K.L.:
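To start, I am sharing the structure in question, which I have written as structure tokens.
Note that the structure is predicted; figures quoted are calculated from it, not measured.
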Amino acid sequence: MKQASILHPRNLHNGRYNLFKLSKAHKPLVGHIKRSPTGDKTINFSNPNAVLALNTALLKTYYDISFYDIPEGFLCPPIPGRADYIHYLADLIGQPSANPDVRILDIGSGANLIYPIIGSKAYQWRFKASELNAKAFQSAQQLIEKNGLDTSISIIKQNSPDKIFDGIITDGDKFDAVMCNPPFHKSAAEAAEGSSRKVRQLNKHKKVKAVPKLNFGGQANELWCDGGEVAFIKRMISESVNYKRQVNWFTSLVSKSDNLNPIKQALKKVNASQIQVVKMAQGSKESRFIAWRFD
């Protein structure tokens with residue numbers, strides 16, 4: 001099965017998925033393997049159970065994660081792209097080798113806890129994660145406990161839906177970087193259309209009409225917020241001013257390049273001393289994160 005080859009050089013998922021090797025690590029994956037129209041072995045990426053099985057196999061094989069499960073309906077992210085964010089972040093902060101002294105804050109870690117897992121295993125970084133949703137928080141806590149990650153990852157419940165750093169960064173905290181994958185849709189309707197479009201794309205070779213499921217892409221707070229990702233990142237920027245002496249780099253994924261200009265304008269208004277856009281390419285898809293800091 002062809003996998004994106006234009007990933008970060010240190011990304012363990014360059015090239016093709018070795019489904020034989022992965023299915024040996026996680027036997028339930030076998031039931032999801034099928035032939036693509038070109039004859040390659042693949043899985044149905046519009047099936048959340050198939051994606052969960054693949055992710056579990058990847059985490060067992062490459063990151064020594066013995067237990068991986070998330071509640072039904074929560075976001076089950078593609079591992080290679082998430083790993084890219086980690087590796088490009090390592091370059092940004094000048095830490096391309098393992099260093100347990102590096103401390104990262106992951107905003108909105110989700111039920112899957114994917115960034116802290118990859119970052120702690122790939123670079124031995126220590127993570128503090130935040131999560132608003134109670135069920136997602138419990139899932140992430142379970143992943144920490146069952147995989148013995150409590151010395152490298154801690155998760156804090158965010159109790160204020162209108163806050164991002166407040167209540168999470170304490171007086172004694174110092175972070176090399178903040179990372180975030182914000183909700184990028186502006187409404188539930190836009191999120192549903194996004195899920196529908198994703199399912200149609202993944203089933204474009206089939207004659208049957210795909211039935212969109214909102215939970216294919218995740219829960220409400222994972223997918224959308226009022227104003228979408230621009231509004232969310234502007235809130236991050238506004239609050240970041242209060243924590244500029246405790247965080248070296250603030251970063252966030254930006255799903256649409258058109259959203260960069262209003263975000264940059266917001267950063268100029270708060271007198272960010274450095275602004276960088278880090279581009280990441282996964283095959284034909286281009287993604288990016290924006291980074292800022294203060295003197």
K.L.:
Answer with yes or no whether the hydrophobic clustering places Phe67 together with Ile155; edges join I, L, V, M, F, W, Y residues whose side-chain heavy atoms lie under 4.5 Å apart.
P.N.:
yes
K.L.:
Let me confirm one number: the CG-OG distance from Leu29 to Ser23, rounded to the nearest 0.5 Å.
P.N.:
6.0 Å
K.L.:
Residues two or more places apart in sequence or in another chain: which of them pass side chain to side chain contact (heavy atoms under 4.5 Å, CB included) with Ala272?
P.N.:
Leu267, Ile275, Trp292, Phe294
K.L.:
Between Glu229 and Asn259, does the side-chain hydrogen bond (donor to acceptor under 3.5 Å, both in side chains) criterion hold? Intermediate values first, please.
P.N.:
CA-CA 8 Å; Glu229 70 178 2; Asn259 291 337; 2.7 Å; yes
K.L.:
Test of understanding: clusters of I, L, V, M, F, W, Y form through side-chain heavy atoms closer than 4.5 Å, transitively. Do Leu58 and Val30 belong to the same one?
P.N.:
no
K.L.:
I'd like to know whether Arg16 forms a salt bridge (charged side-chain N to carboxylate O under 4.0 Å, His left out) with Asp40, so could you lay out the CA-CA distance, the side-chain angles of the two residues, the decisive distance to 0.1 Å, and finally the verdict.
P.N.:
CA-CA 11 Å; Arg16 302 167 67 95; Asp40 293 329; 3.7 Å; yes
K.L.:
Could you pull out all residues at least two apart from Tyr68 that satisfy ring-ring contact (aromatic ring centres under 6.0 Å, His included)?
P.N.:
none
K.L.:
Could you tell me the separation between the CZ atom of Arg235 and the CD1 atom of Ile164, rounded to the nearest 0.5 Å?
P.N.:
4.5 Å
K.L.:
Which side-chain hydrogen bond (donor to acceptor under 3.5 Å, both in side chains) pairs, counting each pair once, include a residue from residues 164-176, with sequence neighbours left out?
P.N.:
Arg103-Asp173, Lys128-Asp173, Asp166-Tyr243, Thr170-Asp173
K.L.:
With sequence neighbours excluded, what pairs up with Lys269 under the side chain to side chain contact (heavy atoms under 4.5 Å, CB included) test?
P.N.:
none
K.L.:
Who pairs with Asp91 by salt bridge (charged side-chain N to carboxylate O under 4.0 Å, His left out), at least two apart in sequence or on another chain?
P.N.:
Arg10
K.L.:
Among all residues two or more places apart in sequence or in another chain, which pass the side chain to side chain contact (heavy atoms under 4.5 Å, CB included) test with Ser160?
P.N.:
Gln158, Asp162, Lys163
K.L.:
If the condition is side-chain hydrogen bond (donor to acceptor under 3.5 Å, both in side chains), which residues does Glu145 pass it with, not counting sequence neighbours?
P.N.:
Gln141
K.L.:
Applying salt bridge (charged side-chain N to carboxylate O under 4.0 Å, His left out), name anything that partners Arg82, two or more places apart in sequence or on another chain.
P.N.:
none
K.L.:
Does Arg126 use its side chain to pair, donor to acceptor, with the backbone of Val102 at less than 3.5 Å?
P.N.:
no
K.L.:
So does Ile263 get a backbone contact from the side chain of Lys234, meaning a donor-acceptor N/O pair under 3.5 Å?
P.N.:
no
K.L.:
Sort and list the pairs that fulfil ring-ring contact (aromatic ring centres under 6.0 Å, His included) and have at least one residue in residues 107-145, not counting sequence neighbours.
P.N.:
Tyr85-Tyr115, His87-Tyr123, Tyr123-Trp125
K.L.:
Under the salt bridge (Lys or Arg N to Asp or Glu O under 4.0 Å) definition, can you give me all pairs with a residue in residues 45-58, not counting sequence neighbours?
P.N.:
none
K.L.:
Test of understanding: with side chain to side chain contact (heavy atoms under 4.5 Å, CB included), list the residues that count as partners of Asn49, not counting sequence neighbours.
P.N.:
His32, Asn47
K.L.:
With Ser252, which residues qualify under side-chain hydrogen bond (donor to acceptor under 3.5 Å, both in side chains), at least two apart?
P.N.:
none
